[in-house]
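Order of the sequence lines sets the chain letters (A, B, ...), proteins ahead of strands, with each chain counted from 1. Bear in mind the structure is a predicted one, so any value in this text is a computation, not a measurement.
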Amino acid sequence: MSAVAPAPRPLRFRPRDGLTWFGLGCAGLFCLLALLGPLITGDPNATGPDMLAAPSLAHPFGTDQLGRDLLARTAAGTQVSLMVSLAAVTLGLLFALPLGIVAGYHGGRLLDDLIMRVLEIIQALPMFVLAMFVIGLSGTATAHLGPITITMTTKVVLLLGVAFVPYFARVARAATLAETGQDYVSALRVVGVPRVRILFGELLPNVAPAMVVQAFLAMALAIFAEGGLGFLGLGIQLPQATLGNLTGGGTGYLPAGIWWYSVLPGAIMLAGILGFNLLGDALSDSLSGRSTLKEM
Amino acid sequence: MTPLLELDHITQRFPLGRGQTLHAVENVSLRLQPGETLAIVGESGCGKSTVARLAVGLITPTMGTVRVEGTPVRARMDRATRRHVQFVAQNPWSALNPRKTIGHSVGQPLAVHGLCSSSAERKARVAELLEQVGLPAHYAARRPNGVSGGELQRVTVARALAAQPRVIVLDEPTASLDVGVKATVINLLLDLRASLGLSYVLITHELDIARHLATHVAVMYLGRIVEHGPAEAIFSAPHHPYTRTLLAAIPVPDPARRGLTAITGEVPSAVHPPPGCAFHPRCPYVTDACRKQIPQLLDIGDRTSACLRDGEIPAHR
Amino acid sequence: MVSYLLRRLIALVTTVFVVISLVFVLLRLSPGSPLYTLLGFSYSEEGRAAVAARLGLNASIPEQYAHYLAQLAGGDLGTSVFSGQSVRELVSQRLPVSLELGLVAGVVWMALGVLAGALAALRHGSPLDGLVRVASVVALSVPSFWLGLVCVLVFGVYFTGVLPVGGYVSLADGVVPHLRSLILPAFVLGLPAFAVVARTFRASLLEVLDRDYVSFATAMGMRRRKLVLRVALRNAAIPLVTVMGLMLGMLVSGAILVENVFGVPGIGQLMVDAFRRQDYPVAAGCCLAVALLYLLTNLLVDAAQLAIDPRIREGVLKGGKPR
Amino acid sequence: MADLLTIADLHVDYAGRPAVQGVSLTLRRGEILGLVGESGSGKTTLCSAITNVLPAGARVRAAEMRFDGRELSELSYEEMRRIRASRIGLVPQRPMTSLSPSSPVLRQLRWYHDGSDLADLLGQVGLKAVIDRPRDYPHRFSGGQLQRLLVVLAALARKPDLLIADEPTTTLDATVQAQVLRLLLDLRDRLGLAMLYVTHDLAVVAQICDRIGVMYSGRLVESGTVDQIFNAPRHPYTQALLAALPGRTRPGQRLGTIPGDVHRDVSGRAAGCAFASRCPVAFARCHEEDPRPIVTGADVVRCHRAEEKE
Amino acid sequence: AACSTGAPTGGDTLRIGVAAGPSNLNPLDSGSEVTRWIAEPVMETLYDYDARLAPVPLLAAAAPTVSGDGLTWTIPLKQGVTFHNGDPFTAEHVVASLDHVAAFASGSEWVVYFLGYYSGARAVDPHTVEIKLKRPYGLLHSHLTNLPITHKAFADRKDTMMGTGPYKLEKVSAGLGYSMAAYRGYHGPKPAYARMEFTIIPDGSTRAVNLRAGNVDIVTELPVAALTLLTGQPQVTVHRVDAPIDILTYVKVGDPPFDDVNFRRAVAYASDRQGVNEKVFGGAAVLGQGPIGPAERGYDPGLRVFPAQPDRARARELLRGIRSPSFTLTISAGQVMEDIAQVLMQGWAQAGIAVKLEVLQGGPWAQRWISGAYQMTMNRFSSGFTSGDANYLALSPAQSKGVLSCGYENAAVDTALDRVWATTDQAERDVLLKQVNAALTEDAVMFPPVYPKIIVGQRTSVSPLDPGRMRISRLGTPSLRPRGNGGG
Ligand SMILES: Nc1ncnc2c1ncn2[C@@H]1O[C@H](COP(=O)(O)OP(=O)(O)OP(=O)(O)O)[C@@H](O)[C@H]1O
Ligand SMILES: Nc1ncnc2c1ncn2[C@@H]1O[C@H](COP(=O)(O)OP(=O)(O)OP(=O)(O)O)[C@@H](O)[C@H]1O
Ligand SMILES: [Mg+2]
Ligand SMILES: [Mg+2]
């Protein structure tokens, strides 16, 4: 029993241990490379005379088999990775939030059951299987759905977005369910506030912080998944450089000791994933108040 | 005279799955006249909150009708009628949206029911309401966080008042508050009743609060009303064995009057209520008939009581 | 409890049915056809029609669907368009490899994860705790395929001969070589499982250690060791079981990548190949096997949860509206 | 007769934030001391400090903490554990969550008490049926049943010298509360144990306690016998508490209230009495100087006004 | 792969590392190199190649006798040959094999050869086969030199092999490899190795590493990048031999923008052949001109239409009047193809041609290709096994009536190609092919950037591979034997 209303956990990011700082650094590096890298490093597709050159001052990440600068390609790939991940996460949230909130509000009733069943089916296939399935089948080519042109990038975004929907919706549902249990929702209903306004005017701001945390973690997952698809050759296609394409493209050269080709772009991917994971963790800690315990 | 609020043979059952049903409220009838305060008392799980939720239309009864000023409440009733019955819940900390300002929460009914024509007017009205419950107007800009429970409970009362209700249903409004704070909320309720002529349905298990506020009392046991009548009469001379037990078990804040009496046995399950009178497993006056027959609420002088042996049991103490 | 599991089983069957239908319809609706790959230069309309007739691809989609379902009902997953091998045989050749890999990876790493998580929580705030925290978040973040490549680099170029960096030796060719060939793939595949288990277990153990029943046990003077074993670990394990179900999906996804890095002839590799070639029956068979495996394990996880948490067993956590 | 428990000038900080400040109290064998006070006034912290089960980060300072002649702060963990296991019992506030949810109740009873007299003990509190339900988990029992079980474990089974009951009936219904209170009184009479009974509810205190301590903002502002506190309270806070009780005022009348809010005091305090800002009878000195405890026999009061009256 | 275990003793087992396991083990259905490499020791053809790549009888007892109208071919069969299951080799097996490949429903890649020519075959007696044709089919002799003969009960099987060769297939380990053992009842010289093992090692460099370590004796399809791993290794020999491997590159002549010959030629002029050779093939390939490469019949080393490096000036000149020249290049996924495409695109971009790259997996690529929904398509194609040293199939898109026609209409080419199939005169055929090649080059219909080589590595403990056979994509594994101190 406490005499003062507890603050809703603010979703404030206050890095307080080294690990979080490290995560911030990693994510920052990743985003910087994605946003500024391509401006500085030049054309990622320009071939040069030095093929498979080891990292040097001229080519800090070395070159690939066609003599292209791997730093430029990595920067371009990072940009794609960031954009695709952002778009996928946004898309996933856009679909999942209403679904999750509606399901949570009707917790345990038919609508909830229906929504969750459908999402369960999507989840019955693990993300990569789903990806293989969709991309393996629709092919890596640009598809045309009537007047709509679906490029491979769109496809990857759609796919990851859809794969995130059940995951996000579950979190949104759980958060909504918890909120719906709060008396203020009953109070709003008694007052006569229309349902839509309760859901999206009053509940949403309370569900949002949990979703932001998930969005960060999902960013990490999206970077990984985009990379994995590229690695399998099922992602965004050449000549566009992506982190997955690069990592996968370099595999053939590894046994010859050409480590930089696969390893460096992969390390950037690792930095991105690690960064977003750590940030998500830190936010989630601040949300659950775990870190306040640690402070004492 | 049409009662402000009337529960007419209400039954509420919750399906639990696997073919089981929970009998939360069984055949309860209550009416509330203007100016009355009806206290509903009883042990945990006896269905008090469910009655409250039924009364304010948060749930629709399995059977029976709820009437607000004579109009039966349907699933989609017009907001104007329904707003005459408002609700204040036990836990003020969860009764307000933590991410919205107090002003927003108090203003909600005004906005929804179009009670104010402009936002400036609404602001003024919110300030007025806050003052009415004894809070400074600048609280409108604050969020619930950091505001004490007693103050928050007053905010929820202000919100209820904003809808210009005639009845406020209070579900254990003071149960989570400290003694001193409890008193301020009770005082507020007393003041509002005097100044606005409100009626209350007061759900509580703190009998001294019921005694302090109520004009009428309904005692519930396992979803049914076992005794119902004017507060004074019931508190001074309880008839039903359960009411007697309950009163005897309430500690009195006076070291000179010691002597807690305890009965044995547990509250039976609402999923499998015992046959006959639900109280019979714990009743000191039980007879064979009690095990078979469900006693009906009967008018006995100033009150109604549901006990087969009503006349036979000697007066209390 | 039995009836609950039965209901779950029915739900599972429906889900599988939907998955099958989805797989089937998507497969048939997808552009291209294995016939093109199959025929190549010898493509001709007559040829296409004849082969399609032989493979039953001429019928309308509903007819094909009905046929496929009938086939499935008879336990027949069809035959590969390309190799003519029965899909059941193909799957049953590949699945055990993946299963073994997944099992080795999962079991070893999860055990390590439990250990690490428990130690970290019990020594909350110590350097060991910090180490586990860092290790688990890094382990969770490392993309498996990249880690695989790094392993290939390290053991294939710099420390050659220490561990085989690719391929798979079947058990028939010797137990030791077999196990050796599993080490790196299992290491890479299971790492995320380690991370998730360690993190979850650490968090849940910390939470449990904060619970009333732990303070009560302490106040009752229970010995620390007994307290940890009887009270804390047992209750902390409950969320762990849920997480294990999640990890299964991770292992399956991971297997697809890892099998491709290390050339392990498991179901992941088969599936990638089948999709590349649009070998409908094989792709569908793989999906089906994976989905079934995934759902079945989830069912097992739920059953385990039921066994371990009596409140779930009695639906206490679901029904009702406890204050 | 020697005091069973003597605490002198106990301070507890949570990461520098004081939760208990300068509390001194004594408890004799067979005595029930009721501890009342608003939420957050430090009651639980005080109890935890006695059995040394404070969370990490809490700091304890005391001039004296003597239990049955032994200084508690000097004991090793193992010695303290043994005291907890046999001499000081604890009845927790939330019976529903105080037993491990994943083991059957009977098994847990055996963890804490392996004697053969278990059935007998359970019979004494009307819970013999537990023996016949070896597979039932805690959630199958009602709060009242569990609370009685916990009383059996903490008091009946090991017959401690001191029983600490931290709001043992707050979550229980009136009829069940009456059962548990009867049980505790019974135990006191039969075993002669001393009890520290923490509660918000002055009525309960009036019914079962011999002596009362009133806490406010980490301090013990007044202690005395039940009669003394209820009939002649000396501290303005105690007086205000009593005035706020509905049961002590005529129905329909306004109750006495305590203006202000305890928590603003905690944060903004510089000097002076913690209650000063809410006190109807405060004067200049109250805002400048924290009153020291005035001890008369076993009783204490911390108030400048009371001091004046002496 | 698996070979990384087991001591590198070699000895009585010949171990071969291949890049992939074939999806289809029936060489009557599949012309894929891996299928055929595995089939080489197991199954035999009616005729075999001699050192000069001329057909000599193998399962046949003598050269075929052709009737006067050219429509009936009679082939006597060798006696005393048995299949690995003990069944005697007789005419009905040959008939079954021929019927299988000629039937549409079997989906055999051979059907295209027999299409329109083959009418039927019958066993005149157990040791004589008679083939009836619809029209003269001079190439049949060559095709019978390439077509393996299978046991009739196995003609429809795709999961195993049953032949008369020196080794019999014993075990197929899914995704891992194939093992075979010497067949005691072999009708020819006794096989030198007791066992032969094909191991799947998908990664090229890993194959090289395994060869270096002695885990395998022969590896195929070595990528250029992996060759550095093998330099300076005395116990390893790397063969790079011209072979009928084509970077099949052609355009949809029927549709814009490639219906404009100037545009086609501009693209051909702007192709960076040198760049592809250096960057993708380490300089080891031969620069491309027309569809027919150096290992194939009809190759003309003197044909030089397009430059080694992009002639941008020429290209721009040809492009004059074409607003924003651009097209889409559709290739099938794979490192080599992707690399080639990217190098070419750089060259084209410098000439002002904007090219969009479309990388498709095998299935979708085949669909595009066959349905004609491409502008320029490019893929690797090896014709060696099905047609020896002649690249007939790769020319078929240039035929105006063909299913795969790219829309090119040239009556001279059409008649020449018809004649190529009909004539039995090899010299005439060579001349005709040369003409076709020249026409297609001039018109810029097909312009592969380079002609790659087959690259095979072997350990010196095995007798040297026969370059003559490698020239037609074969490994000649049945005749290999241990050599030197490595042998046991
Ligand atoms: N939504 C619901 N679904 C199922 N059971 C419910 C639901 N709401 C209430 N119940 C059950 O109905 C019974 C009556 O509950 P109710 O909350 O009305 O009791 P109460 O008298 O208010 O108790 P308390 O004093 O603890 O608040 C209880 O057994 C409760 O568990
Ligand atoms: N683990 C903790 N960490 C930090 N502060 C704490 C902790 N536990 C209690 N406190 C603070 O110490 C003060 C005293 O708390 P305590 O729980 O002892 O009060 P209480 O009188 O038992 O209150 P209640 O009646 O609500 O149980 C409060 O201000 C509280 O916020
Ligand atoms: Mg209630
Ligand atoms: Mg407390």
>> Check whether C:Trp146 reaches the backbone of A:Val263 with its side chain - one donor and one acceptor, N or O, closer than 3.5 Å.
In response: yes
> Taking side chain as C-beta onward, heavy atoms only, is C:Pro143 less than 4.5 Å from A:Phe231?
Replying inline: no
> With side chains defined as the heavy atoms from C-beta onward, is the minimum distance between C:Thr14 and A:Arg117 less than 4.5 Å?
Replying inline: no
> Just wondering, do A:Phe224 and C:Phe145 contact through their side chains at under 4.5 Å, heavy atoms?
Replying inline: yes
> Who among A:Ala220, A:Ala267, A:Gly250 has the most heavy-atom pairs with chain C under 4.5 Å?
Replying inline: A:Ala267
> By a 4.5 Å heavy-atom criterion (distance strictly below it), what part of A:Leu19 contacts chain C: side chain, backbone, both, or neither?
Replying inline: side chain
>> Show the nearest heavy-atom pair for residues C:Leu153 and A:Leu254, with the distance to one decimal.
In response: CD1-CD2, 3.4 Å
> Contact part of C:Val142 toward chain A, heavy-atom cut-off under 4.5 Å: side chain, backbone, both or neither?
Replying inline: both
> Roughly how far, to the nearest 0.5 Å, is CG of C:Leu140 from CG of A:Leu217?
Replying inline: 8.5 Å
> Which atom names give the shortest non-hydrogen contact between A:Asn277 and C:Ser141, and what distance separates them?
Replying inline: ND2-OG, 2.9 Å
> Tell me, side chain or backbone of A:Ala225 under 4.5 Å from chain C's heavy atoms, or both, or neither?
Replying inline: neither
